[in-house]
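One structure is given here, and the rest of the page talks about it.
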Amino acid sequence: MRVDKFLWCTRYFKTRNMAAESIKKGHVTVNGQLAKASREVYPTDKIVLRKDQINYQFTILDIPQSRVGAKLVDVYRKDTTPEEAFAHLEMLKLSKEYYRAKGEGRPTKKDRRDIDDYTNDIDFDDDFE
């Protein structure tokens, strides 16, 4: 049964092109084998998809007769991604939260613009008189 070949990758990528690129790079496996974009999937297939340093895992429950809306995709698949993967993602976000302490090193463009906005609001000529 052939349906939309990217149905099983929807909701994980913003565009179909991004999904196809990920498949070409080898970030998607179906039943332990590298997937191609044209591969047909069947019920009970296990898919592992690597995105943002997380291996999302899900199982195909059923195949719809025709294309369905994004909200109905979850009816046809079961997400089996372990909770540890999401905990790992949270730790990565916390570690990248801020790469340097305020006031250390050269200012970034954003810091420079903030400084310029602040100094433009103050009239320094009035202070010296």
Side-chain angles (χ1 to χ4, degrees):
M1 178 181 294
R2 178 92 184 212
V3 212
D4 183 13
K5 61 185 175 182
F6 293 109
L7 171 73
W8 41 272
C9 281
T10 55
R11 306 291 290 202
Y12 286 95
F13 295 101
K14 189 173 182 178
T15 64
R16 293 169 57 93
N17 190 28
M18 291 170 80
E21 196 65 31
S22 180
I23 291 170
K24 286 179 187 175
K25 289 181 180 178
H27 295 192
V28 179
T29 60
V30 178
N31 294 329
Q33 298 177 340
L34 287 178
K36 288 186 169 182
S38 61
R39 180 186 170 116
E40 294 184 26
V41 293
Y42 301 99
T44 70
D45 280 353
K46 296 187 184 338
I47 298 172
V48 177
L49 178 128
R50 182 150 180 88
K51 181 182 174 208
D52 298 331
Q53 297 184 359
I54 291 184
N55 288 330
Y56 294 97
Q57 301 173 8
F58 51 95
T59 304
I60 303 297
L61 301 175
D62 195 15
I63 305 292
Q65 294 297 320
S66 62
R67 291 181 62 168
V68 295
K71 291 182 180 178
L72 297 176
V73 170
D74 289 331
V75 173
Y76 298 101
R77 70 170 182 223
K78 179 181 177 188
D79 190 1
T80 57
T81 306
E83 290 296 322
E84 298 87 45
F86 296 113
H88 177 69
L89 179 66
E90 192 64 32
M91 290 299 292
L92 285 173
K93 284 182 182 178
L94 290 174
S95 68
K96 293 178 182 178
E97 203 166 274
Y98 201 71
Y99 61 94
R100 67 177 178 90
K102 284 276 189 191
E104 287 185 11
R106 184 174 176 182
T108 62
K109 274 188 177 180
K110 183 181 182 324
D111 293 340
R112 185 80 239 157
R113 289 181 186 133
D114 290 342
I115 293 169
D116 289 343
D117 289 343
Y118 179 74
T119 57
N120 287 340
D121 292 342
I122 300 172
D123 188 16
F124 289 105
D125 292 335
D126 292 340
D127 293 340
F128 294 113
E129 292 178 3

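In what follows, residues are counted from 1 in the order of the sequence shown.
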same_hphob_cluster(Y12, V48) at 4.5 Å side-chain heavy-atom cutoff: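 Y12 does not cluster with V48.
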L61-Y56 co-clustered via ILVMFWY side chain contacts under 4.5 Å: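 Result: no, two separate clusters.
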Mind listing the closest non-hydrogen atom pair of [X] and [Y] along with its distance?
X	Y	result
N31	R39	ND2-NH2, 4.1 Å
P43	D62	CG-CA, 4.3 Å
V68	V73	CG2-CG2, 4.3 Å
P107	R112	CB-N, 4.4 Å
F13	K51	CE2-CD, 4.0 Å

Partners of [X] by side chain to side chain contact (heavy atoms under 4.5 Å, CB included), sequence neighbours excluded?
X	value
R50	H27, Q53, N55
T44	none
L34	T29

Under-4.0 Å salt bridge between D114 and K110: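 Yes, this pair counts.
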Check against side chain to side chain contact (heavy atoms under 4.5 Å, CB included), F86 and I54: CA-CA 7 Å; F86 296 113; I54 291 184; 4.2 Å; yes
Listed partners of K71 passing salt bridge (Lys or Arg N to Asp or Glu O under 4.0 Å), at least two apart: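 Expected list: none.
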Any residue meeting salt bridge (Lys or Arg N to Asp or Glu O under 4.0 Å) with D52, in chain and number order, not counting sequence neighbours: none
Which distance, rounded to the nearest 0.5 Å, do you find between the [atom1] of [X] and the [atom2] of [Y]?
X	Y	atom1	atom2	value
D111	D116	CG	CG	11.0 Å
I60	Y76	CD1	OH	12.0 Å
R77	Q57	CZ	CD	13.5 Å

By side-chain hydrogen bond (donor to acceptor under 3.5 Å, both in side chains) - contacts of D79 (at least two apart): T81
Intermediate values then yes/no, salt bridge (Lys or Arg N to Asp or Glu O under 4.0 Å), R113 and D117: CA-CA 6 Å; R113 289 181 186 133; D117 289 343; over 6 Å; no
